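To keep things clear, I will list the structure first and then write my remarks on it.
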There are 2 protein chains.
Amino acid sequence: MLLFWERGYEGTSVGDLSEALDIGKPSLYAAFGNKENLFLEALQLYENTYGCFSPNALNDAPTARIAFAETLRRNAESQLNPDTPPGCFIVLAATVGTPQNAEVRAHLTRRRQATRDHLAARLTRGIADGDVPAGADPQAVATFYATVINGLAIEARDGARQADLDRIVTGALAAWDSLVGA
Amino acid sequence: MLLFWERGYEGTSVGDLSEALDIGKPSLYAAFGNKENLFLEALQLYENTYGCFSPNALNDAPTARIAFAETLRRNAESQLNPDTPPGCFIVLAATVGTPQNAEVRAHLTRRRQATRDHLAARLTRGIADGDVPAGADPQAVATFYATVINGLAIEARDGARQADLDRIVTGALAAWDSLVGA
DNA sequence: ATGATTTTCTACCGATCAGTATAAAACCGT
DNA sequence: ACGGTTTTATACTGATCGGTAGAAAATCAT
């Protein structure tokens with residue numbers, strides 16, 4: 001997971017993984033089948049542990065605004081966890097590459113779309129709960145914050161510090177009223 | 001340029017380039033030296049033609065706010081130019097990869113930093129011109145909008161449409177007053 | 001048109017890629 | 001201790017990587 005996170009799907013060879021895990025390549029293939037499946041299991045592990053996006057933080061908060069604030073703050077923090085490579089695995093590991101790995105990229109695109117859908121659903125609930133104006137466009141607002149989350153991954157890779165990311169989050173949250181049409 | 005743009009640095013082989021240009025590999029090497037230099041020349045061509053960020057649009061506008069609005073709108077449009085791959089070359093072509101290509105990634109990181117610096121410089125000028133509050137933090141504001149620009153590249157790659165990107169830009173601009181401390 | 005120069009084509013280099021055949025070694029219940 | 005099973009280490013496959021040697025072909029000045 002850490003190697004895929006640091007170098008991406010195509011930047012990580014099965015030999016690298018075999019060496020890092022101190023396990024022979026045949027054992028690796030016996031356990032995971034092939035490189036793509038191994039990557040998908042690493043992605044699953046990522047989402048279950050260090051994942052930069054937490055649906056729980058989104059749903060547990062009492063209002064949509066608080067939920068988004070908490071989600072973005074956690075996101076900014078997890079993107080610079082000193083124990084792991086900077087930036088979000090899902091955003092960075094496979095955005096471009098060879099045609100033969102298109103399926104891996106499509107899988108990560110679907111994960112990013114899932115994040116967008118989670119954000120939009122929380123806004124829809126906020127409208128139902130009455131803490132978001134009825135005229136708000138959940139898809140549009142969700143896409144804006146998803147864009148910020150994606151952009152944070154690049155910033156983190158470029159060497160941004162925690163204070164930098166926190167300021168970005170604060171700026172994004174400042175747009176809330178205008179975005180939801182308050 | 002189009003191949004590197006579509007597939008990234010490591011996702012594009014010299015054989016692919018040789019075939020696409022209908023030029024033998026030895027001719028390619030005679031003209032460009034090696035793959036890395038060829039990539040840097042493709043990047044130069046990108047910045048001179050389709051580049052998603054235009055310093056001119058930033059400096060020609062009368063106020064910083066208008067400059068940022070124009071810059072972001074042009075950016076959102078160029079990221080979905082139907083004649084070229086979606087998303088910004090500089091953001092997408094090499095964000096992760098093998099250690100041996102670290103220098104290529106560092107080069108693109110420097111280009112992204114240059115964009116950030118351009119944005120900050122325009123804000124500093126805005127303060128001098130009096131159209132931006134004196135208390136504004138140019139670096140912080142510039143980093144926020146750079147993050148949005150980076151995030152747009154991912155959105156474009158994920159299949160966003162022009163209206164989607166335009167809404168993101170509108171949302172980002174809505175945060176202006178709060179960001180500059182008006 | 002000719003001799004010299006440049007360009008291009010074919011074929012190759014060693015290294016590395018994802019993936020595997022084979023056989024030794026470790027483990028297991030009995 | 002033993003036969004049967006699983007795991008592991010070595011060594012390999014064909015394909016592709018970035019890059020190049022050497023010969024053929026096209027170009028050029030005269």
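What you see below is based on every heavy atom in this structure, not just the backbone, and it leaves out hydrogens, waters and symmetry mates. What you see is a predicted model, and the numbers here were worked out from it, not measured in a lab. In what follows, chains carry the letters A, B, and so on, assigned in the order in which the sequence lines appear, proteins first and then strands, with residues in each chain numbered from 1.
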Note: chain B reaches DNA chain D at heavy-atom distances under 4.0 Å over the stretch, first to last nt, 5' to 3', of D:dC17 to D:dA21
NA contact type, B:Thr12, heavy-atom cut-off 4.0 Å: base, sugar-phosphate, or nothing? sugar-phosphate
Of the nucleotides C:dC17, C:dC9, C:dT20, which has the atom closest to the A:Tyr29 side chain? C:dT20
Euclidean distance, B:Ser18 OG relative to B:Tyr29 OH, rounded to 0.5 Å: 9.5 Å
Assign the ring pair A:Phe68 / A:Tyr145 to parallel, tilted or perpendicular, where the plane angle (0 to 90°) is split at 30° and 60°. perpendicular
Distance in angstrom units between A:Arg7 CZ and C:dT16 C1', rounded: 14 Å
Check ion pair A:Arg74-A:Glu70 (N to O, under 4.0 angstrom): yes
Of A:Gly15 and B:Asp22, whose closest DNA chain C nucleotide lies nearer the 5' terminus? B:Asp22
In terms of side-chain heavy atoms, does B:Gln113 have a donor or acceptor partner in A:Asp158 at a distance below 3.5 Å? no
Just by distance, no angles: are the side chains of B:Arg167 and B:Thr170 close enough, under 3.5 Å, to form a donor-acceptor pair? no
What is the distance, to the nearest angstrom, from the CD atom on B:Gln100 to the C1' atom on C:dC17? 12 Å
Quick check on DNA chain C: between A:Asp16 and A:Gly33, whose nearest nucleotide comes earlier from the 5' end? A:Asp16
Round to the nearest Å and state the distance from A:Phe39 atom CZ to C:dA18 atom C1'. 16 Å
Classify the ring geometry between B:Phe53 and B:His118 as parallel (under 30°), tilted (30 to 60°) or perpendicular (over 60°). tilted
Using whole Å, what does the distance between atom P of nucleotide C:dT7 and atom CG of B:Leu28 come to? 14 Å
Between B:Lys35 and B:Pro26, name the one whose nearest nucleotide on DNA chain D is closer to the 5' end. B:Lys35
Between P of C:dT20 and CZ of A:Phe32, the distance in whole Å: 16 Å
Could you tell me if the ring centre of A:Phe39 sits under 6.0 Å from that of A:His107? no
To the nearest angstrom, how far is B:Asn101 atom CG from C:dA15 atom C1'? 15 Å
Separation of atom NZ in A:Lys25 from atom P in C:dT20, rounded to whole Å: 11 Å
